[in-house]
Every structure is written in structure tokens, then in C-alpha cells.
Amino acid sequence: MYLKAILSFTIFALHVSAKSVHKGDSDWWKHATFYQIYPRSFKDSNNDGTGDIPGIIDKMPHLIDAGINGIWLSPIYDSPQVDQGYDISNYYAIDPLFGTLDDLENLIKLAHDHGIRVIMDFVPNHTSDQHEWFKASENRTEGYEDYYLWADGTPEQPPSNWISCFGGSAWQWSEKRQQYYLHKFAVQQPDLNYRNPKVHDEMKKYLEYWMDLGVDGFRIDAVEHAYEVKNLTDEPRTYSPGVGPDDYNYLYHIYTDNLPETYQLVYEWRKFIDDYAERTGSDTKVIMTEVYADLNTTMLYYGSADGSVLGADFTFNFFFIQNINLNNSNANDLDAIVNNWLNALPEIYTSNWVLGNHDNRRYPTRFGPENKDGFNMVASLLPGVLVTYNGEEFGQEDGEVTYDQGQDPSARDPATFDQVSRDFERTPLQWDNTTNAGFNEGAKTWLPVSEKYHTLNLASQLVEGEVSHYHNYRALIRKRQENPAKFGSTTFKALSDDTLVLKRSYENDHIVVAFKLGWHNNSVEETIAVPEISCQNGIVALTSVGSKYTVG
Ligand SMILES: *[C@@H]1O[C@H](CO)[C@@H](O)[C@H](O)[C@H]1NC(C)=O
Ligand SMILES: *[C@@H]1O[C@H](CO)[C@@H](O)[C@H](O)[C@H]1NC(C)=O
Ligand SMILES: *[C@@H]1O[C@H](CO)[C@@H](O)[C@H](O)[C@H]1NC(C)=O
Ligand SMILES: *[C@@H]1O[C@H](CO)[C@@H](O)[C@H](O)[C@H]1NC(C)=O
Ligand SMILES: *[C@@H]1O[C@H](CO)[C@@H](O)[C@H](O)[C@H]1NC(C)=O
Ligand SMILES: *[C@@H]1O[C@H](CO)[C@@H](O)[C@H](O)[C@H]1NC(C)=O
Ligand SMILES: CC(=O)N[C@H]1CO[C@H](CO)[C@@H](O)[C@@H]1O
């Protein structure tokens with residue numbers, strides 16, 4: 001069968017149904033959809049300008065309706081909020097900005113009542129400088145001396161040339177201790193010393209505390225930064241054009257990033273968490289790791305290929321984020337990214353697909369708004385786990401933020417604010433077209449609400465019978481639970497520079513996605529053979545917004 005004249009930006013999924021029973025069931029998380037909530041921006045229940053845990057509780061009906069299986073909460077722990085909660089001053093307390101421990105317990109209970117799991121962010125790479133451990137360590141209080149990475153130097157000459165991810169030297173002089181401490185991020189975020197066994201014990205205590213409270217797993221933040229070489233050797237220069245000596249990319253991070261000890265640490269945590277689950281008879285507690293690295297390095301965080309050593313249940317697949325962009329990519333690039341990943345992943349492990357998060361521009365901005373539905377179809381119907389960043393389900397786009405309104409500590413230079421700032425993808429969720437997009441009751445919001453909310457909001461996409469990004473997302477989440485999506489074989493390939501096909505097959509049951517990309521804003525019609533659609537009785541199950549096809 002030929003698909004004739006697929007109009008530009010037309011995407012549709014074809015589904016042929018034939019009832020069949022699958023054999024054996026897998027772990028709950030292996031086909032799950034995890035939904036990342038950025039709590040500051042999700043829903044502000046007390047009108048103080050910042051989202052909070054009661055706000056998440058208010059929006060539980062939406063999460064249930066969407067059909068997601070788990071929420072992952074970006075950090076809500078006690079924090080001076082220098083880096084929006086990634087600078088933790090107490091791992092055992094909830095920041096009052098977000099609510100109380102009772103609120104969190106209520107959220108966990110409510111979520112569990114609806115079959116939704118709760119994943120907490122685990123931020124092991126550093127603490128806040130306001131943490132008691134740091135105060136004690138700086139003071140050389142007995143037992144705490146080596147909780148952080150301290151090194152000698154003079155106020156003029158730091159121990160090495162290492163650079164912080166936020167720019168400038170990664171070393172900060174402490175008058176009090178008369179030594180330098182390492183900070184891979186902000187000055188207020190001293191790095192913990194993982195060569196100290198006491199730090200390992202502290203982290204296990206922390207994991208256990210939250211598992212006792214009922215959380216279903218952890219997303220481990222920035223784990224690649226946990227270790228650096230003992231001898232503190234200078235890193236070599238990259239000699240990249242236009243990159244200054246304060247810029248993180250001035251150096252190759254061969255001595256501070258993704259050291260072999262880092263995988264060992266993940267393997268150690270995995271064992272600890274698995275042992276806990278076994279001891280308490282609970283379901284698998286899932287571990288997801290955040291690592292920006294090449295494909296081979298990324299795979300090492302899963303564990304060994306034969307499964308004799310296990311690491312994360314999955315480590316985020318950031319290749320859509322790292323390797324695809326609107327201006328320079330085409331269907332062949334997508335084909336390569338997906339197939340390279342699937343080929344590199346040892347068979348025993350579970351794949352995962354990520355389009356965006358709180359650290360990268362929203363995907364409609366990176367891939368073009370015409371491709372919103374197409375990418376959701378591909379990401380949700382490829383095998384394995386789907387991770388959705390809040391707002392992606394209805395196609396929220398980047399907000400508009402000026403330098404003066406910016407909150408991101410990594411974007412301190414007005415000249416590079418637009419390239420560096422992560423504020424654009426963090427503006428409040430656009431729930432409806434009322435005041436402040438329904439995020440709160442009108443108080444000034446921590447980041448401005450995008451002006452796009454008048455037309456781009458969830459409520460406008462709930463109209464029964466209309467094709468919308470949200471209706472498509474919701475349908476896809478359900479389709480993910482059908483046999484071809486769960487257990488089927490996978491074909492994903494470029495048919496031309498602008499067209500792709502994804503086919504999942506399980507016995508006589510097939511799901512086919514035909515995707516015409518809108519990369520180049522090209523509205524030329526293309527006639528193309530799609531041999532993957534060979535069945536006689538296929539029906540159009542979903543169409544993208546703007547498609548000329550109709551369901552049925
Ligand atoms: C600092 O060190 C002194 C002397 O060891 C000790 O008495 C004091 O309690 C310490 N302060 C903190 C904050 O640990
Ligand atoms: C420092 O340690 C690293 C890793 O062990 C090693 O590759 C490097 O050569 C050492 N540098 C010096 C100057 O000893
Ligand atoms: C990645 O691993 C594969 C298989 O072990 C190997 O063939 C390939 O050269 C590696 N790629 C890089 C960039 O190291
Ligand atoms: C893509 O190209 C346009 C036009 O040349 C340019 O304005 C825009 O900044 C580019 N976007 C990216 C992400 O490079
Ligand atoms: C606001 O949204 C509601 C429901 O989504 C819609 O009925 C109404 O027309 C919208 N108003 C404006 C001014 O867009
Ligand atoms: C696509 O190109 C047309 C004609 O050049 C232009 O009017 C339209 O705004 C463009 N659309 C996008 C999404 O860039
Ligand atoms: C990769 C990365 O930068 N991850 C996080 C590690 O911690 C910093 C500082 O708190 C966060 O900003 C990052 O998001």
C-alpha cells in the first residue's frame with residue numbers, strides 16, 4: 001500500500017487490532033510513563049508566586065486523566081534556593097516554600113491510591129554551604145574534616161585549573177579553614193568527598209529515610225560529577241574558538257567527569273536499594289540516573305552487558321536533546337540516534353526516551369512547534385520508559401524571560417543569557433486562560449508566565465471531539481500499554497530526508513507511525529512508499545493537529 005501525498009507536518013498512527021494474550025509480565029516500571037514535575041512552576045496553591053506540594057495535590061486529577069504511572073519531583077528539600085533547590089541544606093526536611101512533610105506524605109498517599117508512583121530527586125553531587133556538615137567540615141569538627149574536598153593553595157593560587165559548570169574557578173578559598181574547597185557548580189554548593197566512607201553511609205541513610213516514607217525510587221542528579229582524580233592534576237585546554245578561560249568548555253574534563261569510580265558508586269546504590277526492597281518485600285524501587293555523556297559511557301551506568309553488575313534501572317537517553325536541533329537535523333539523524341541507542345543497549349536493559357527537562361529548552365523550541373505531536377508519538381511508541389517534562393503533554397513552549405527577570409544562577413552574564421539560562425523552560429505551567437494561566441490567583445510569579453498562555457494552555461485542549469496535543473498525548477499513554485508497544489519488535493527508519501516510519505509488531509498486532517517532519521518549514525507534498533504499512537485493514541488511530549487525515 002502506498003501513502004500518497006502526505007501533507008507537510010502530517011503525522012498519524014495506524015493501529016491494527018487483533019486480540020492476543022502476552023506471556024509473562026515485566027516489572028511495573030518497564031513500560032511506565034514518568035512525569036517530571038518542576039514544583040516551583042507547576043501549581044501555586046497559596047498564591048505566593050511559587051508552586052508547591054498542595055498545588056501538585058490540586059492537580060492530581062490531571063495526572064490521573066493523563067494516565068501517567070509515576071511522578072518525579074525535582075528537589076523540594078530544605079535549601080537556601082541559590083540553585084532552585086539543587087543546593088540542599090537538609091536532606092531530611094521539606095523546604096517551607098513547597099509545604100511540609102505532612103503535605104508530601106499526603107501527596108504520596110493520594111498518588112498511591114491512584115496507582116501513581118512517586119520518585120524523589122536525589123542530589124548527591126554536593127550540598128549547600130548552609131548544610132550542618134559543611135559548617136562542621138569548615139570548622140574541622142572531629143569526624144567531619146573530610147566530608148568535602150579540601151585542598152591547600154594560596155589565596156592567589158588555587159590547587160588546580162578546574163572550572164565550575166557555572167563558570168570561573170571550581171575552587172573557593174575558605175578564610176576559616178585556610179584551604180580551598182571544590183564546587184563543580186555554584187560557590188554555595190560545595191562538593192561532597194566520595195572517597196570518604198562516611199559520606200557513603202550518610203547517603204544510604206538518606207535513601208533509606210525516603211524509602212521508609214514510601215517513595216518508589218530516585219532520580220540521581222549529576223552523578224557524573226561525583227568523583228575527581230586524587231592528585232588534582234590540571235585539565236588540558238580545548239582551544240575552542242571564542243571560549244574564554246572562565247568558561248566550563250575551556251577544558252577537557254578528563255579528571256573530573258565520569259571517572260570509573262562514578263559507575264561503582266551507582267552500582268553500590270543499586271545494591272543498597274535492591275536489598276532494601278527485598279528486605280521489606282516492596283516492589284522494585286526504580287533508579288534513574290542523569291548523565292550527559294557519549295553513548296558508550298552512558299551505557300556503563302546501566303551496569304555490565306551480562307547483568308552481573310547492575311547500575312541504574314535506566315540512565316536518561318539524552319540523545320534527542322544532545323544531537324537533534326531544528327536547523328541542522330533531518331530524518332536520517334533521528335534514524336541514527338534511535339538505532340544507535342537501541343543497538344548499544346544490552347538486551348537485558350530497558351530503553352527510555354526523553355524529549356526535554358528543566359535544564360534544556362522545551363522541545364517544541366528545539367524541534368519546531370510543527371513537530372510537537374510527531375515527537376510525542378515517536379517517543380511514546382518506541383520501546384521502554386517514557387519521561388515527560390511537565391507541559392510537554394499539551395505542547396507548552398518556552399516562556400519569555402529577560403535578563404532582569406532571570407533566576408538561574410548559571411546565567412550571570414547578560415551577553416550570554418539567552419544561550420545559557422534555563423529559565424525559559426521553567427516558566428509556570430499554562431493550565432488555562434485565566435489570570436496567570438491558572439498557575440495562581442494573581443500574585444507575581446517567580447518567573448513570568450508566558451504570554452502564549454492565552455491560546456496555548458491545557459484547558460483549551462480539553463474540548464471533546466477536537467484533535468489536540470493533549471488528546472493525542474493521553475491516547476498515546478494508553479496505546480503504550482497495548483501489546484505491540486510493550487512487547488513488539490521495533491523498526492524505525494528514515495524514508496527520505498523529511499519522513500520517518502516507526503513500526504511495532506506483536507504477532508498480528510501492529511502500530512505504525514508515519515511522521516513527516518517540519519524541520520525546514522517546508523510545506524511541499526511528498527509521495528512516498530511506506531512498505532511497513534502492508535496490512536489491508538489498517539485504520540488511522542490518531543492524527544496530529546493540522547493533519548488532513550481523520551481518526552477512523
Ligand atoms: C567548631 O570547632 C570547635 C572546636 O573543635 C567546637 O567546639 C565547635 O562546636 C565547632 N562548631 C561547629 C559548628 O561544629
Ligand atoms: C593524576 O591521576 C590521574 C588518574 O589516576 C593520572 O592519569 C594522571 O597522570 C595523574 N597526574 C599526575 C601529574 O600524576
Ligand atoms: C563504543 O563501544 C563499541 C562496542 O564496544 C565500540 O565498537 C566503539 O568503538 C565504542 N565507541 C567509542 C566512541 O568508544
Ligand atoms: C536557526 O536558524 C535561525 C535562522 O537562521 C536562527 O535565527 C536561529 O537562531 C537558529 N536556531 C538555533 C537553535 O540555532
Ligand atoms: C478561555 O478559555 C475558555 C475555555 O477553555 C474558552 O471557552 C474561552 O473562550 C476562552 N476565552 C478567551 C478570551 O480566549
Ligand atoms: C513557514 O514559512 C512561511 C512562508 O515563508 C511563513 O509565513 C511561516 O511563518 C513559516 N512558519 C514557521 C512555523 O516558521
Ligand atoms: C548535570 C547537572 O548540572 N546537574 C545538576 C547538578 O547540580 C547542579 C547544581 O545544583 C544543578 O544545577 C544541575 O542541574
Side-chain angles (χ1 to χ4, degrees), residues 43 59 61-62 65 80 89-90 127-148 150 174-179 181 190 192-193 196 198-199 202 224 252-254 257-260 262-263 291-309 311 315 317-319 322-323 336-349 351 391 393-396 428-439 441-442 449-471 474 545:
K43 167 74 185 171
K59 291 296 179 186
H62 168 59
D65 182 64
S89 50
N90 184 346
T127 69
S128 161
D129 60 353
Q130 300 304 307
H131 198 291
E132 290 307 321
W133 301 339
F134 185 74
K135 293 182 193 162
S137 194
E138 189 172 34
N139 186 43
R140 295 185 196 262
T141 304
E142 199 186 333
Y144 291 91
E145 299 95 327
D146 299 324
Y147 265 49
Y148 296 83
W150 295 98
S174 161
E175 270 307 321
K176 183 160 189 179
R177 182 157 158 156
Q178 291 288 303
Q179 266 191 317
Y181 67 84
L192 285 162
N193 174 17
N196 180 351
K198 283 188 195 145
V199 172
E202 292 282 9
E224 69 202 71
Y252 288 115
H253 304 293
I254 56 170
D257 211 16
N258 285 311
L259 296 198
T262 314
Y263 324 128
V291 177
Y292 288 88
D294 62 47
L295 193 55
N296 285 0
T297 307
T298 302
M299 292 301 162
L300 288 171
Y301 286 93
Y302 270 99
S304 61
D306 63 3
S308 56
V309 190
T315 187
N317 176 349
F318 285 142
F319 293 93
Q322 294 185 120
N323 296 25
I337 277 169
V338 167
N339 288 304
N340 288 346
W341 173 274
L342 291 173
N343 293 336
L345 185 73
E347 208 163 321
I348 55 169
Y349 295 124
S351 199
E393 72 275 26
F394 58 89
Q396 181 159 330
L429 270 253
Q430 294 156 211
W431 296 105
D432 56 39
N433 62 9
T434 64
T435 310
N436 280 347
F439 171 69
E441 313 254 278
V449 176
S450 167
E451 278 308 314
K452 294 175 188 156
Y453 85 89
H454 297 286
T455 49
L456 176 49
N457 61 66
L458 176 65
S460 68
Q461 295 185 22
L462 295 175
V463 183
E464 269 325 309
E466 278 184 18
V467 177
S468 71
H469 303 305
Y470 179 66
H471 282 160
R474 195 172 57 181
V545 172

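Ligands are counted one by one from 1 in listed order, and the atoms in each one are counted from 1 as well.
The line from NZ of K198 to CG of N193 is 11.0 Å long, rounded to the nearest 0.5 Å. Going from atom CG of L429 over to atom NZ of K43 covers 10.5 Å, rounded to the nearest 0.5 Å. The CZ atom of F318 sits 13.5 Å away from the CG atom of L295 when rounded to the nearest 0.5 Å.
Using a 30° and 60° split on the angle between ring planes, F134 and W150 fall in the parallel class, below 30°.
Between N433 and ligand 5, an N or O atom pair is found at a separation short of 3.5 Å.
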Mind listing the N or O contacts between ligand 1 and protein, cut-off under 3.5 Å?
{"unit_1": "ligand 1", "atom_1": "2 (O)", "unit_2": "N139", "atom_2": "OD1", "d": "3.2"}
{"unit_1": "ligand 1", "atom_1": "2 (O)", "unit_2": "N139", "atom_2": "ND2", "d": "2.3"}
{"unit_1": "ligand 1", "atom_1": "11 (N)", "unit_2": "N139", "atom_2": "ND2", "d": "2.6"}
{"unit_1": "ligand 1", "atom_1": "14 (O)", "unit_2": "N139", "atom_2": "ND2", "d": "3.2"}
{"unit_1": "ligand 1", "atom_1": "14 (O)", "unit_2": "T141", "atom_2": "OG1", "d": "2.8"}

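Taking the six-membered ring for Trp and the full ring otherwise, F394 and H62 have centroids separated by 6.0 Å or more.
Remark: E202 engages K205 in a salt bridge (Lys or Arg N to Asp or Glu O under 4.0 Å) (not counting sequence neighbours).
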